[in-house]
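Sequence lines set the chain letters: A, B, ... in the order given, protein chains first and strands last, and positions in each chain run from 1.
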There are 2 protein chains.
Amino acid sequence: MTPEEELETVERYMRERGHRWTNQRRLIADVAFGTHEHFTADELLDMCRRVDSQVSRATVYRTLAMLEEAGFVEGLDTGENGRRFEHVLGHEHHDHMLCQDCGRIVEFADPELERLKEAVAAQHGFRLVSHTLKLVVACQNPDCEFRRQDRTES
Amino acid sequence: MTPEEELETVERYMRERGHRWTNQRRLIADVAFGTHEHFTADELLDMCRRVDSQVSRATVYRTLAMLEEAGFVEGLDTGENGRRFEHVLGHEHHDHMLCQDCGRIVEFADPELERLKEAVAAQHGFRLVSHTLKLVVACQNPDCEFRRQDRTES
DNA sequence: CTTATTGCAAAATATTTGCACAGCT
DNA sequence: AGCTGTGCAAATATTTTGCAATAAG
């Protein structure tokens, strides 16, 4: 999916439920989908303000909530600095490892894990809506090149 | 492990690192380990205050942080009312399903899932420290007996 | 023109911290 | 006695909300 198609998908989603497609929403979606980093609401606000210094924090939160509800972004609880969001629209589902030594967020996908998640929910008579698997790991390398940065690696 | 042994384990842990074993810490640990519900810091405070109305919220948070650091309790992000903690000392690891329809928290354990989590971390060269698997599910039953209660079922 | 959306500031929520006093060891 | 831990209240951090002004349809 190209960036243009992603924006169109969001616009269509909004209009379909009678929401207006405003400059702010377009900008916020554009910026959120333009990065593949895991960003906080505040970082997203900063990035948006580089383009339009008038955007308010409240609008970023409100739009982020809509994008999350639509399943276009997903929030991840990293334990500090509030939740971090990531682009999922048009991307395959993946899970995360957080390295407690260097702070790195590593993404991974395992089809067998996915199958088991579905199976467990079904066994208990539930429909699986969404799932978050977070592995807290340790690289145990004091010289790790990612140390104390919040870089993402796929 | 009996409740007495659990308290002794906590006391030993505290004393080993030069922390004092105070009335408040004993009470908080006792109450936290006396329930198998998933409780918030605030609910734990309430339960403690039924025994000793002087206990402060700050002490509950501080003690909870120590218990979590020791691995005696674990926090779970439920999306509202802050984190919910649960007793893990002396219990087997398990994961959670949160029902978005009725609010129920269902615990489950799957050895195959556990094995895969270890394998994935190892594949990426990490040591697995801890892991949280949260399945958001839907019971899709409007008359669910658990509706809008935060009951726990194993 | 109508009404959803915005920006602002204030409120709400959850948690942490500074400090004087209490109480373990 | 000495120093850690406690309670209180205030601070912090993050997110949400009320409302008058603005702009999308």
For [X] and [N], give me the distance from atom [atom1] to atom [atom2], rounded to whole Å.
{"X": "A:Phe39", "N": "D:dT15", "atom1": "CZ", "atom2": "P", "value": "12 Å"}
{"X": "B:Glu11", "N": "D:dG5", "atom1": "CD", "atom2": "P", "value": "14 Å"}
{"X": "B:Leu27", "N": "C:dC24", "atom1": "CG", "atom2": "C1'", "value": "17 Å"}
{"X": "B:Glu16", "N": "C:dT25", "atom1": "CD", "atom2": "C1'", "value": "17 Å"}
{"X": "B:Glu43", "N": "C:dT13", "atom1": "CD", "atom2": "C1'", "value": "15 Å"}
{"X": "A:Leu76", "N": "D:dT14", "atom1": "CG", "atom2": "C1'", "value": "16 Å"}
{"X": "B:Asp42", "N": "C:dA12", "atom1": "CG", "atom2": "C1'", "value": "14 Å"}
{"X": "B:Asp46", "N": "C:dA14", "atom1": "CG", "atom2": "P", "value": "13 Å"}

* Give a yes or no on whether a donor-acceptor pair under 3.5 Å exists between the nucleobase atoms of D:dC3, that is its base, and the side chain of B:Arg20. => yes
* Kindly indicate whether the side chain of B:Arg62 and the base of D:dT6 share any N or O donor-acceptor pair separated by less than 3.5 Å? => no
Any [X] side-chain nitrogen or oxygen under 4.0 Å from OP1 or OP2 of [N]:
{"X": "A:Asn23", "N": "D:dA24", "result": "yes"}
{"X": "B:His19", "N": "D:dG5", "result": "yes"}
{"X": "B:Arg15", "N": "C:dT25", "result": "yes"}
{"X": "A:Tyr61", "N": "D:dT15", "result": "yes"}
{"X": "B:Thr22", "N": "D:dG5", "result": "no"}

* To do: For atom CD of A:Glu69, decide whether the heavy atoms of other residues, nucleotides or ligands shown that lie under 6.0 angstrom number more than 12.
  => no
* Taking the side chain of A:Arg25 as its heavy atoms from C-beta onward, which of D:dG7, C:dT6, D:dT14 lies nearest to it? -> C:dT6
* Structure fact -> Ranking C:dC8, D:dC8, D:dG5 by distance to the side chain of A:Ser56, first place goes to C:dC8
Determine whether a donor-acceptor pair (N or O, by modelled atom type, separation under 3.5 Å) exists between the side chain of [X] and the backbone of [Y].
{"X": "A:Asp101", "Y": "A:Gln140", "answer": "yes"}
{"X": "B:His131", "Y": "A:Lys134", "answer": "no"}
{"X": "A:Thr59", "Y": "A:Val55", "answer": "no"}
{"X": "B:Arg127", "Y": "A:Ala138", "answer": "no"}

* To do: Between B:Arg49 and B:Gly18, just flag the one whose closest nucleotide in DNA chain D comes earlier from the 5' side.
  => B:Gly18
* DNA chain C: 5'-proximal contact among B:Phe85 and B:Trp21 (nearest heavy atom) -> B:Phe85
* Asked: Between B:Gln24 and B:Arg57, which is nearer to the 5' end of DNA chain C once each is assigned its nearest nucleotide?
  -> B:Arg57
* With a 4.5 Å limit on heavy-atom distance, are the side chains of B:Leu44 and B:Ile28 in contact? -> yes
* Scan A:Arg83 against the nucleic acid and name what it touches under 4.0 Å (heavy atoms): base, sugar-phosphate only, or nothing. => sugar-phosphate
